[in-house]
Undergrad: 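I'd like to ask some things about the structure below.
Side chains included, hydrogens not; waters and symmetry mates left out as well; all remaining heavy atoms used. Chain identifiers are assigned alphabetically (A, B, ...) following the order of the sequence lines, protein sequences preceding nucleic acid strands; residue numbering begins at 1 within each chain.
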Amino acid sequence: MLYLYVTRLKCLFRNKEGMFWCYLFPILLATCFFFAFNNLWGIDSFETIPIAYDSEGAIIDPLKEAMEQAEMAEGVPIFAITYTDKESASELLEKEEIEAYIVGNTDPELFIKQNGMNETIIKSFLDNYNRITKTIQNILSKNPNALEEGLMEDILEQNVFVYEKENGKKPDQLLIFFYSLLAFTCLFGAVWGLEEVVNIQADQSTKGARLNVSPINKMKLFFCNMMAAFTAHCGSIVLLFVYLIYVIKIDFGNNLGYIIITCLTGSLTGLALGATVAVWVKKRKEIKEGILIFIVLGGAFLSGMMFVNMKYIIETRIPFLAYINPVNLVTDALYSLNYYDTYDRFFLDFTMLCVMTIVFGVLSYIGIRRKNYASI
Amino acid sequence: MIVKVDGLVKRYDKLVALDYLDLEVAEGEIFGLLGPNGSGKTTAINCILSLLKYDKGSIEVFGKPMQPNAYDIKKDIGIIMQNVAVFDELTVYENVYYFCSLYVKDRNEIKKLTEEAIDFVSLQDYKKYYPKKLSGGLLRRLNIACGIAHKPKLIILDEPTVAVDPQSRNKILEGIKKLNNEGATIIYTSHYMEEIEQICSNIAIIDKGKVIAKGTKEELKSMISIGEKITIETYTITQEQVQEIKEMPNIFSVRYHDNLLTVKSGKKNNTLVHILQFLSERKIPFGRVITELPTLNDVFLEMTGKELRD
């Protein structure tokens, strides 16, 4: 059995095309993501944004206070504020000495010269401020005693929760790109699952026919081959991990054990998915490959690999799809580990993933154990 | 009997691929299954190997019913498929070793058998080559080595010489004879009648899933009326003279085309003498004269009304 396993492993590692897609392609994607988004999340490279503010003579000015206190990270203020009137602010903006200016504090107006990342940050800040202000007004209109009951403290506490780091976890949405990339790599094992079934089924390859004529137990051979595929595929995940941690410098937090278990389970899900499609879809190998790539790549898209908000759109509008998408389950499990203090959501994702693996595994087994064929 | 197939029926929806096929292969013979493409040869082989489900009939191999999990039977069978079935990622040596290891447990024994199989197909110089680096002929030889390395008692070769150069084809045919001399029973399918004639001791001609004739090549040829085919090179014969030859006794057909006069005659003697005498008397000059005994193609033609390669 060991010889069968080692030989299959040898075959997989010598398959240049397979090696490229499983080992090199995720690394290339990770590198692309790194260069594309590096500037977006590098707090170290963040520079305070110069803005101007005309409060229109307001004496009590919570907006001014909020802007002065806003920090990107501890000791790194978001805004460098020039207090002036609207005309001077406009001149400063024209000369590009500031990125934007804000007029009024009750219903503040934002003036910008061009669109860009800094302008987006200012706009987001102002939207957030308006939302909080309106929330306070709504609460006070219904409960005038809310201030005495600690409303402001609650809101401030909420702000602290949003902006500060908790347990060393980086509150960075862009990490979803990398989580979904890891998930994509795990599920890409489907292509290897397909290959193993094609090689062993007499109605799908001449090698399969030759193996079926030999006196070796088919399920034993299939188990050896799948274990080899699993080993080789795990190698690709480990390589990607190493690359993400040591080259891209992704902080996976303190749950590396759980992350690895999730990825290994995701790899098994991928292999089982590939085997299921190979056994039950009665089409050419190329069509089956196309179906699998569509499922895995489509799943990666829906879990935010190409467009990060897609994950939330699916979760809020079509939650069922989020639960049957194996790529999303892996992505969400990794995300949960890094962002939540409890493991409830992680275990839900992990359980769903295990159930999916078992279902695919049983379906593959039923198809493969068949002893002879209606046509070859 | 090494293989006994009784009343085998295999249908693909409305198409009947095997129509109550009966075959018997005795120990130590080279059994040829001859038929045109699509006649049901490969389907029959796949049923014998229990790869294909069939609708009716029974198959026995080594006196036992053949089933998909009959591992004790399978260990003594070697199969060489029509299409090459090897791993592109393994070298010649590794491929033969791998397939041999599916049948034999002892490592030293596997090594010995692998070396012998590689020597047998003369691939010693290509041991470390990957299949993609081999020519078509060498690849076929590797395919054979993978099928026979474990020294099976029954070897089934399904059109092993398709798209093979003459040199490799001869090597393959010689190799099959050698395997047979060493004690293996061979089932050889082909649509090349020359190959079947060259190596097979017993032949079944199959068409539309049915055996239409079986026996030794001599027995098969004796089943038909043609005894001799005479071809004479001549340039000046007229249509009237051709008609005269046609009317001679013991002549079945006469054809004059491209300066070649082809005459098929019955089994009585002296037809050639009579024709040459006819040409001499009429002072018709002639060149080469070729006489041939009937081929299996003639047998097939007479029995089905079509050529083997139609």
Side-chain angles (χ1 to χ4, degrees), chain A residues 1-23 192 195-196 198-225 228-229 232 282 284-285 367-376, chain B residues 10-13 15 17 42-43 45-55 61 66-91 94-95 97-105 107 110 130 132 143 146-147 149-150 152 154 156 158:
Chain A
M1 254 178 103
L2 182 67
Y3 173 73
L4 298 174
Y5 166 80
V6 171
T7 306
R8 193 63 207 141
L9 204 57
K10 212 186 272 184
C11 286
L12 291 168
F13 278 116
R14 285 180 186 172
N15 181 335
K16 286 175 190 161
E17 197 185 335
M19 281 291 108
F20 171 80
W21 288 109
C22 278
Y23 275 74
W192 286 15
E195 189 68 32
E196 294 315 321
V198 168
N199 273 333
I200 210 166
Q201 291 288 82
D203 59 344
Q204 298 190 27
S205 68
T206 46
K207 275 179 278 188
R210 176 167 263 169
L211 292 170
N212 274 266
V213 173
S214 77
I216 195 156
N217 184 291
K218 193 176 167 187
M219 291 315 294
K220 184 175 146 186
L221 186 62
F222 179 65
F223 176 74
C224 289
N225 290 359
K282 302 292 175 199
R284 282 185 296 123
K285 186 187 168 192
I368 291 166
R369 72 173 177 167
R370 189 175 43 194
K371 303 289 186 186
N372 53 12
Y373 306 85
S375 66
I376 290 182
Chain B
K10 170 69 188 170
R11 290 192 190 93
Y12 295 105
D13 295 325
L15 176 81
T42 301
T43 304
I45 295 300
N46 286 334
C47 288
I48 291 171
L49 292 169
S50 244
L51 289 173
L52 267 181
K53 286 177 187 165
Y54 46 88
D55 300 287
V61 179
M66 184 59 179
Q67 287 166 347
N69 55 359
Y71 299 129
D72 58 329
I73 297 176
K74 285 181 170 183
K75 73 180 170 51
D76 289 322
I77 300 176
I79 173 77
I80 289 108
M81 305 274 182
Q82 195 169 344
N83 296 316
V84 175
V86 297
F87 289 96
D88 287 340
E89 300 85 5
L90 297 178
T91 62
E94 288 168 338
N95 260 302
Y97 189 103
Y98 177 78
F99 285 109
C100 189
S101 74
L102 301 176
Y103 294 81
V104 182
K105 295 244 163 74
R107 278 193 174 193
I110 299 170
Y130 286 96
K132 280 187 178 169
N143 197 33
C146 291
H150 59 287
L154 170 66
I156 299 174
D158 187 13

Undergrad: Distance from B:L102 atom CG to A:L4 atom CG, nearest 0.5 Å?
TA: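 B:L102 atom CG to A:L4 atom CG measures 6.5 Å (nearest 0.5 Å).
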Undergrad: What is the distance from atom CG of B:L52 to atom CG of A:D203, rounded to the nearest 0.5 Å?
TA: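 Result: 9.5 Å between the selected atoms.
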Undergrad: Taking B:H150, B:K10, B:K74 one by one, which has the highest count of heavy-atom pairs under 4.5 Å against chain A?
TA: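 Top count of heavy-atom pairs under 4.5 Å with chain A: B:K74.
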Undergrad: For A:K16, I'd like to know if atom NZ has over 12 heavy atoms of other residues, nucleotides or ligands within 6.0 Å.
TA: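 For A:K16, atom NZ is not crowded (no more than 12 foreign heavy atoms under 6.0 Å).
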Undergrad: For residues B:L90 and A:R14, determine if any side-chain heavy atom of one lies less than 4.5 Å from a side-chain heavy atom of the other.
TA: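 A side-chain contact exists here, since the closest heavy-atom pair is under 4.5 Å.
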Undergrad: Checking A:L221 against chain B: side chain, backbone, both or neither under 4.5 Å from a heavy atom?
TA: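 When you check distances to chain B, only side chain atoms of A:L221 fall under 4.5 Å.
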Undergrad: Taking the side chain as every heavy atom from C-beta outward, state whether B:V84 and A:T206 have any pair of such atoms under 4.5 Å apart.
TA: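 Not in contact.
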Undergrad: Let me confirm one number: the OG1-OH distance from A:T7 to B:Y97, rounded to the nearest 0.5 Å.
TA: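 Rounded to the nearest 0.5 Å, the OG1-OH separation comes out at 8.5 Å.
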Undergrad: Given heavy-atom pairs under 4.5 angstrom as the criterion, report whether the side chain, backbone, both or neither of B:E94 touches chain A.
TA: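 Both parts, backbone and side chain.
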Undergrad: Would you name the heavy atoms of A:Y3 and B:S101 that are closest together and state the gap between them?
TA: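 The pair with the smallest heavy-atom distance is CE2-OG, 3.3 Å.
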Undergrad: Rounded to the nearest 0.5 Å, what separation is found between the NZ atom of A:K207 and the CZ atom of B:F99?
TA: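 CZ of B:F99 is found 8.0 Å from NZ of A:K207.
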Undergrad: Please report the interatomic distance CG(A:N212) to CD1(B:I79), rounded to the nearest 0.5 Å.
TA: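 It is 12.0 Å, given to the nearest 0.5 Å.
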Undergrad: What is the distance from atom OG of A:S205 to atom CG of B:N83, rounded to the nearest 0.5 Å?
TA: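 If we round to the nearest 0.5 Å, A:S205:OG and B:N83:CG are 10.5 Å apart.
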Undergrad: Any non-hydrogen side-chain atom of A:R8 less than 4.5 Å from a side-chain atom of B:Y98?
TA: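 Result no, sub-4.5 Å side-chain heavy-atom pair not found.
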Undergrad: Okay, side chain of A:K10, backbone of B:E89: is any donor-acceptor separation there less than 3.5 Å?
TA: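 Between the backbone of B:E89 and the side chain of A:K10 there is no qualifying donor-acceptor contact (under 3.5 Å).
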Undergrad: Side chain from CB out, backbone as N, CA, C, O: work out which of these in B:N143 comes under 4.5 Å of a heavy atom of chain A, or both, or neither.
TA: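 Both parts, backbone and side chain.
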Undergrad: So which part of B:I73 gets closer than 4.5 Å to some heavy atom of chain A, the side chain, the backbone, both or neither?
TA: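 Looking at B:I73, nothing touches chain A.
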Undergrad: Give a yes or no on whether A:F20 atom CZ has more than 12 heavy-atom contacts from other residues, nucleotides or ligands under 6.0 Å away.
TA: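 For A:F20, atom CZ is crowded (more than 12 foreign heavy atoms under 6.0 Å).
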